[in-house]
There are 2 protein chains.
Amino acid sequence: MVLFAGQGDALRIMRLLWGAADEGVKPGPKPGLTSDDVVEAAIVVADEEGMGALSMRAVAARLGRTAMSLYTYVPGKDELVDLMYDRVMGWLPTSYELDAGWRAAIEAWAADTRRCYLRHPWVLQVSQARPVLGPGGLTAMNTLVGILRTTGLAAPELRAVVTLLTDFVRGAAQTVADARQAARSTGESDADWWAARSAALAELAPDFAERFADVVWIERSAAPVAESAPYLETQVDAMFATALGVLLDGVEARIGE
Amino acid sequence: MVLFAGQGDALRIMRLLWGAADEGVKPGPKPGLTSDDVVEAAIVVADEEGMGALSMRAVAARLGRTAMSLYTYVPGKDELVDLMYDRVMGWLPTSYELDAGWRAAIEAWAADTRRCYLRHPWVLQVSQARPVLGPGGLTAMNTLVGILRTTGLAAPELRAVVTLLTDFVRGAAQTVADARQAARSTGESDADWWAARSAALAELAPDFAERFADVVWIERSAAPVAESAPYLETQVDAMFATALGVLLDGVEARIGE
DNA sequence: TCGATCACTTTACAGCATAAAGAGTCAGGG
DNA sequence: CCCTGACTCTTTATGCTGTAAAGTGATCGA
């Protein structure tokens, strides 16, 4: 992996992100692919087999080429992932109806964004620090800020709300994605997993009910279905909506000031 | 890595998590280490060099042994990470003063939890789906729920608030941890990184100011220091406090019902 | 036609988790 | 007292990973 990206590298990846066209004719054989082809193939691999299966060899195999040939189109794997990220973020809706108010718009934004993360779970593994500064990611950010600006909140508060929203949506999606991934890769359903663990717990911590009384209480009282796995998806969807509601109540309270 | 963990494996890792003592005397040489020694050494490695540098070889080297010898004490790397996680979560405070109200208690909880994540950033890479069911993690969860129960909120809402809080604190800490990690491993400061990117942006997207007007507005208006790197840490700390305030306003609104 | 340039392949390296097999060490049973 | 089985720990090996380095052959401008 790349350990130090100098300034020249910064320009190169930015050029790729922004689709800066190559200038004139050059000697040598014509490229058989474009960097877009590589990005597209990599997204297919990551969607189908997960980020863990995304290797230069796997992407190259899908394109009928060797791993090393990809380095003609893309500086390295890190940069390829950045390009994949920006591409997917570019597929998100870029504007929301505001006639029903900012709250409804944010709810729609959250649902779309969450759906996108669940369709491409590997996106959640791209760090938010030193963000990918491509057109897709910037447009997505612009869309969210655009909705929130209509609340009339001051910029510092609004910025906090932006990170609150994105961190929450990412975290919630991450949990669902991880659960699905675990079920797929271990072949053990959530229910089986839970059954084995709770049996072991009962044996190893007989004082469980008293020692973790509050946890037991919330699990018993909040789960609509007794004996269910903790991450039953319909239950998780409802919880997402509730949590988002609490968050937006907080925003509303700040508007009242 | 382990692909399928059967029921026997579940019992074994749970026994390790709960510190179930081995029974009687056995033939063969005495073990030179305990699984706790391995976990401790692994935490030191991960704290000092990051999760990416956590390998069985590195842990073994610190203990003066070969990588394979660790498999005597721990089923595999995945399970070792679970043990590390539960150990660190067990270091968190287990009760909070409630005389000043639940809100102050949650603020203290959030500060402690965030500090713990920043001291051991690799903890954030442990998935929340199929959580580690050890005493440390369960106690931490119990502490949080215990504070929130004093709000009198109904269990389903309270559960949503729990995930909202944990997802937010984790996400916020993750961003800071990633930024620090990037600075360390690339040798490029945030300021340098930002300078190189914004120069490239100006060249590649001359219409930036109009095309991403809302993003530009919030960056200009919210940052107290002009031309500063986006993730200046004091700025991020303030944003964390503001966002937590908004979140807790939402909880308060729900209590009023 | 020549030399430069580029696409692409082959080979190689260091590092990873861990399976498999072997070496040495210690206990209880004969 | 020795043997057998169990146990710790090491050595070796397998199949992955990203990518550096060098080589092959095609294609262009001069």
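Residue numbers start from 1 in every chain, and the chains themselves are labelled A, B, ... in the order their sequence lines are given, proteins ahead of strands.
- Here D:dA22 presents its P atom at 17 Å from OH of A:Tyr71, a figure rounded to the nearest Å.
- Other residues, nucleotides and ligands contribute at most 12 non-hydrogen atoms within 6.0 Å of the CE atom of A:Met141.
- When rounded to the nearest whole Å, the span between CE of B:Met68 and P of C:dA20 equals 10 Å.
- Taking a 4.0 Å limit (strictly below) on heavy-atom distances, residues 40-67 of chain B reaches DNA chain D at B:Arg65, B:Thr66.
- Considering only residues two or more places apart in sequence or on other chains, B:Arg87 meets the salt bridge (charged side-chain N to carboxylate O under 4.0 Å, His left out) condition with B:Asp36.
- With D:dA20, D:dT10, C:dA17 as the candidates, the nucleotide lying closest to the side chain of B:Lys77 is C:dA17.
- Summarising the geometry, atom CG belonging to A:Leu124 is positioned 9.0 Å from atom SG belonging to A:Cys116; distances are rounded to the nearest 0.5 Å.
- Listed by chain and residue number, A:Met89, A:Leu92 satisfy the side-chain contact (heavy atoms from CB on, under 4.5 Å) test with A:Ala140 (two or more places apart in sequence, or in another chain).
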I'd like a list of close polar pairs between nucleotides 25-28 of chain C and the protein, N/O only, cut-off under 3.5 Å.
unit_1, atom_1, unit_2, atom_2, d
C:dC26, O2, B:Gly28, N, 3.2

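- Residues passing the salt bridge (charged side-chain N to carboxylate O under 4.0 Å, His left out) test with B:Asp112 are B:Arg115, sequence neighbours excluded.
- For B:Arg170, there are no salt bridge (charged side-chain N to carboxylate O under 4.0 Å, His left out) partners, not counting sequence neighbours.
- Rounded to whole angstrom, the span from the CG atom of B:Leu80 across to the P atom of C:dA17 amounts to 10 Å.
- Not counting sequence neighbours, the partners of A:Arg15 by the salt bridge (charged side-chain N to carboxylate O under 4.0 Å, His left out) test are B:Glu203.
- Phosphate proximity of D:dT10 to B:Ser69: present, with a side-chain N or O under 4.0 Å from OP1 or OP2.
- The nucleotide whose nearest atom lies closest to any side-chain atom of B:Pro31 is, among D:dT8, C:dA7, D:dA20, D:dT8.
- Considering only side-chain N and O atoms, B:Tyr73 lies under 4.0 angstrom from the phosphate OP1 or OP2 of D:dC9.
- Take A:Ala61 and apply the side-chain contact (heavy atoms from CB on, under 4.5 Å) test, not counting sequence neighbours, and it matches no residue.
- Atom CD in B:Glu79 sits roughly 12 Å away from atom C1' in C:dT18 (whole-Å rounding).
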With a cut-off of 3.5 Å and sequence neighbours excluded, list every side-chain donor-acceptor pair involving residues 38-55 of chain B.
unit_1, atom_1, unit_2, atom_2, d
B:Asp47, OD1, B:His120, ND1, 2.8
B:Asp47, OD1, B:Trp122, NE1, 2.6
B:Asp47, OD2, B:His120, ND1, 2.9
B:Glu48, OE1, B:Arg62, NH2, 3.3
B:Ser55, OG, B:Ala58, N, 3.0

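- In this structure, B:Asp78 atom CG and C:dA17 atom C1' are separated by 10 Å, rounded to whole Å.
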